[in-house]
Student: 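Structure in structure tokens, see below.
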There are 2 protein chains.
Amino acid sequence: MKLSKATNYALHTMLFLAVTSPHEHVGVAKLAEKQHVSPTYLSKILTKLVKSGMVISVSGANGGYKLIQGWEKISLLDVIKAIEGLSSMSDNCLNHNPNCLIQKAIESAENKFLNELNQTHMGDLANQIGETSLI
Amino acid sequence: MKLSKATNYALHTMLFLAVTSPHEHVGVAKLAEKQHVSPTYLSKILTKLVKSGMVISVSGANGGYKLIQGWEKISLLDVIKAIEGLSSMSDNCLNHNPNCLIQKAIESAENKFLNELNQTHMGDLANQIGETSLI
DNA sequence: GATATTGTGGACATATTAAGTCTGTAATTA
DNA sequence: TAATTACAGACTTAATATGTCCACAATATC
Ligand code: SF4
Ligand code: SF4
């Protein structure tokens with residue numbers, strides 16, 4: 001019931017790109033150094049963000065990653081889903097009975113969680129930051 | 001981000017005890033058979049429920065497990081916490097900064113989830129069941 | 001066009017956690 | 001006392017997350 005480290009890296013990367021250089025490309029080496037994680041591993045995570053359309057990558061010298069246009073509207077849920085996939089918390093039951101009370105109760109609570117994450121956007125966080133210490 | 005199978009077993013066991021025999025003792029063999037899980041494994045899970053005070057166990061012939069008095073007010077959250085522990089979803093960060101925006105956002109959403117689970121009680125589920133097919 | 005730079009892909013290795021087993025012991029009843 | 005049942009701890013196995021390695025593709029600079 002914890003988010004993975006990979007998700008945490010992804011969220012930090014997004015936020016870092018947002019507050020430092022939303023328009024310039026940043027290489028994975030720099031991003032990895034900030035988070036004390038190996039560049040090779042972080043690059044796999046970044047590729048997922050690229051595949052899900054929230055980050056743009058450019059190869060070659062002076063290449064790197066930057067956020068898409070409209071990144072302000074990307075939600076925390078978008079990022080989490082891009083890394084963790086979409087499985088529900090009650091995905092541990094074989095017997096998928098649609099009337100199941102247990103599943104209904106858990107999914108209802110889970111939706112409260114997902115809705116709030118879906119309403120928190122990168123732009124909101126990026127605005128609040130800068131006043132506080134960064135990442 | 002999924003609940004463990006162990007939690008699922010625990011929820012089923014609680015609900016089963018609630019709807020069948022909230023006052024008689026039921027042995028682990030029967031409980032395990034219902035869920036197609038090994039008795040030894042399920043007994044470990046049951047011991048956690050006993051330790052956290054929501055189930056009473058009795059050794060010896062005709063012994064077994066039953067729910068405590070007032071089981072109707074036990075919440076789904078109580079059961080989940082008894083099995084999974086209390087770690088937060090954002091427990092993947094080393095750098096516990098109390099002003100962290102990422103952690104705040106995740107924890108806020110998580111609280112919505114926990115609150116709803118905390119307001120869903122075994123008594124509610126047990127009442128709804130019986131009309132529908134059981135477990 | 002050659003070369004350096006940077007991201008991508010896949011196979012692999014390691015670490016962590018979950019799931020499940022085995023066995024002996026303690027408690028209770030008949 | 002003998003049978004029954006829960007409890008405890010060590011252990012094994014399975015699943016998943018985390019991380020590494022290396023060859024290759026794409027791009028910029030010269
Ligand atoms: S920004 Fe938040 S999650 Fe990231 S390192 Fe700081 S405290 Fe941890
Ligand atoms: S009661 Fe719900 S969770 Fe349990 S087996 Fe049925 S469908 Fe699955």
Side-chain angles (χ1 to χ4, degrees), chain A residues 1-13 17 21 24-33 35-68 80 82-85 87 89 91-94, chain B residues 1-13 17 21 24-33 35-68 80 82-85 87 89 91-94:
Chain A
M1 277 282 294
K2 296 197 295 191
L3 295 170
S4 66
K5 285 190 187 183
T7 298
N8 201 33
Y9 294 143
L11 290 170
H12 280 77
T13 302
L17 290 175
S21 58
E24 292 179 60
H25 294 275
V26 181
V28 71
K30 186 171 180 183
L31 295 169
E33 187 189 7
Q35 303 182 53
H36 311 105
V37 60
S38 89
T40 40
Y41 187 43
L42 187 59
S43 87
K44 292 190 136 16
I45 295 165
L46 277 159
T47 299
K48 283 191 181 181
L49 296 178
V50 171
K51 288 273 176 62
S52 44
M54 51 189 80
V55 166
I56 292 173
S57 68
V58 169
S59 287
N62 299 318
Y65 299 92
K66 70 170 184 178
L67 299 179
I68 58 166
I80 293 174
I83 306 300
E84 307 238 337
S87 73
M89 293 194 188
D91 262 7
N92 39 20
C93 168
L94 316 166
Chain B
M1 278 283 293
K2 295 198 296 191
L3 294 169
S4 66
K5 284 191 186 183
T7 298
N8 201 34
Y9 294 144
L11 291 169
H12 280 78
T13 301
L17 289 174
S21 59
E24 293 180 60
H25 294 274
V26 181
V28 72
K30 185 171 179 184
L31 295 169
E33 186 188 5
Q35 303 182 53
H36 311 103
V37 60
S38 90
T40 41
Y41 187 45
L42 187 59
S43 90
K44 292 189 135 16
I45 294 164
L46 277 159
T47 299
K48 284 191 180 181
L49 296 177
V50 171
K51 288 272 176 63
S52 45
M54 50 189 81
V55 165
I56 292 173
S57 68
V58 169
S59 286
N62 299 319
Y65 299 92
K66 70 170 184 178
L67 299 179
I68 58 166
I80 293 173
I83 307 299
E84 307 239 336
S87 73
M89 293 194 189
D91 262 7
N92 38 21
C93 168
L94 316 165

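Since the model is a prediction, treat every value here as computed from it, not as a measurement.
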Student: To the nearest angstrom, how far is Ile83(B) atom CD1 from dA18(C) atom P?
Tutor: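 Atom-to-atom, Ile83(B) to dA18(C), this comes out as 12 Å.
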Student: Compare all side-chain heavy atoms of Lys2(A) with those of Asn92(B) and state whether any distance is below 4.5 angstrom.
Tutor: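 No, too far: nothing below the 4.5 Å cut-off.
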Student: Of all the nucleotides listed (dA28(D), dT8(C), dT20(D)), which has the minimum atom distance to the side chain of Asn62(A)?
Tutor: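 So the side chain of Asn62(A) is nearest to dA28(D).
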Student: Starting from P on dT18(D), measure out to OH on Tyr9(A) and report it in whole angstrom.
Tutor: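 It is 8 Å, rounded to the nearest whole Å.
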Student: Can you tell me which nucleotide in dG20(C), dT8(C), dT27(D) comes closest to the side chain of Ser57(A)?
Tutor: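 Minimum distance to the Ser57(A) side chain belongs to dT8(C).
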Student: Whole angstrom is fine here: how far is it from CD in Gln35(B) over to P in dG20(C)?
Tutor: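 Gln35(B) atom CD is separated from dG20(C) atom P by 11 Å.
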Student: Of the listed nucleotides (dT8(C), dT27(D), dA27(C)), which one gets closest to any side-chain atom of Val58(A)?
Tutor: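 Closest nucleotide among those given: dT27(D).
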Student: Looking at side-chain heavy atoms only, is the closest gap between Lys66(B) and Glu24(B) below 4.5 Å?
Tutor: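 Lys66(B) vs Glu24(B): side chains apart.
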Student: Go through the N and O atoms of the side chain of Lys44(A) and the base of dG10(C), and report whether any donor-acceptor pair is under 3.5 Å.
Tutor: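 Check passes, donor-acceptor contact within cut-off.
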Student: By nearest heavy atom, map Gly63(A) and Val37(B) onto DNA chain C; which one lands nearer the 5' end?
Tutor: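 Residue closer to the 5' terminus by nearest nucleotide: Gly63(A).
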Student: Report the residue (Tyr65(B) or Ala61(B)) whose heavy-atom-nearest nucleotide on DNA chain D is the more 5′ of the two.
Tutor: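 Nearer the 5' end of the strand: Ala61(B).
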Student: Start at the 5' end of DNA chain C and walk down; is the nucleotide closest to Val26(A) or to Met1(A) reached first?
Tutor: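 With Val26(A) and Met1(A) compared, the 5'-side residue is Val26(A).
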Student: Could you give the NZ-to-C1' distance, from Lys48(B) to dA18(C), as a whole number of Å?
Tutor: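 Atom NZ in Lys48(B) sits about 10 Å away from atom C1' in dA18(C).
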Student: Between Lys2(A) (NZ) and dA18(C) (C1'), how many Å, whole number?
Tutor: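 Checked: the NZ to C1' distance equals 13 Å.
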Student: What residues form a side chain to side chain donor-acceptor pair (under 3.5 Å) with Ser4(B), not counting sequence neighbours?
Tutor: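 Here the qualifying residues are Thr7(B), Glu84(B).
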Student: Looking at dC22(C), dA11(C), dC7(D), which one has an atom nearest to any side-chain atom of Thr40(B)?
Tutor: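 Closest nucleotide among those given: dC22(C).
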Student: When the distance from CD1 of Ile45(A) to C1' of dT18(D) is rounded to whole Å, what number comes out?
Tutor: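 The answer, rounded to whole Å, is 9 Å.
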Student: Output the single nucleotide from dC7(D), dG9(C), dA6(D) whose closest atom is nearest the side chain of Lys51(A).
Tutor: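 So the nucleotide nearest the side chain must be dG9(C).
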Student: Taking atom types as they are modelled, would you say the side chain of Lys5(B) forms a donor-acceptor pair with the base of dG20(C) within the 3.5 Å cutoff?
Tutor: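 Checked by distance alone, the answer is no.
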Student: Indicate whether OP1 or OP2 belonging to dT18(D) is found under 4.0 Å from a side-chain N or O atom of Ser4(A).
Tutor: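 Looking at the OP1 and OP2 atoms of dT18(D), one of them is under 4.0 Å from a side-chain N or O of Ser4(A).
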Student: Quick one: Glu84(B) CD to dA18(C) P, roughly how many Å, whole number?
Tutor: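 Whole-Å distance recorded here is 8 Å.
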Student: State which residues pass side chain to side chain donor-acceptor pair (under 3.5 Å) with Ser52(A); sequence neighbours excluded, sorted by chain then number.
Tutor: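 Listed in chain order: nothing, the list is empty.
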Student: If you measure from OG1 on Thr13(B) to CG on Leu42(B), what distance do you get to the nearest 0.5 Å?
Tutor: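 Answer for the OG1-CG pair, Thr13(B) versus Leu42(B), is 4.5 Å.
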Student: Mind checking Ala29(B) for me? I need base, sugar-phosphate or nothing, with any heavy atom below 4.0 Å counting as a touch.
Tutor: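 Result for Ala29(B) = nothing.
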Student: Please give, in whole Å, the distance from dT18(D) P to His36(A) NE2?
Tutor: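 Whole-Å distance recorded here is 18 Å.
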Student: Between Thr47(B) and Tyr41(A), which is nearer to the 5' end of DNA chain D once each is assigned its nearest nucleotide?
Tutor: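 Its nucleotide being nearer the 5' end, the pick is Thr47(B).
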Student: Please examine the side chains of Leu3(A) and Ile83(A), heavy atoms only from C-beta on, and report whether any two atoms are closer than 4.5 Å.
Tutor: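 SC-SC contact between Ile83(A) and Leu3(A) ruled out.
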Student: Can you figure out which of dG10(C), dT29(C), dA6(D) approaches the side chain of Val28(B) most closely?
Tutor: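 Nearest nucleotide to the side chain: dA6(D).
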Student: Of the options dT8(C), dA27(C), dA26(D), whose atoms approach the side-chain atoms of Ser43(A) most closely?
Tutor: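 Ranking dT8(C), dA27(C), dA26(D) by closest atom to the Ser43(A) side chain puts dT8(C) first.
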Student: Name the closest nucleotide to the Ser38(B) side chain, picking from dT21(C), dA26(D), dA6(D).
Tutor: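 From the listed options, dT21(C) comes nearest.
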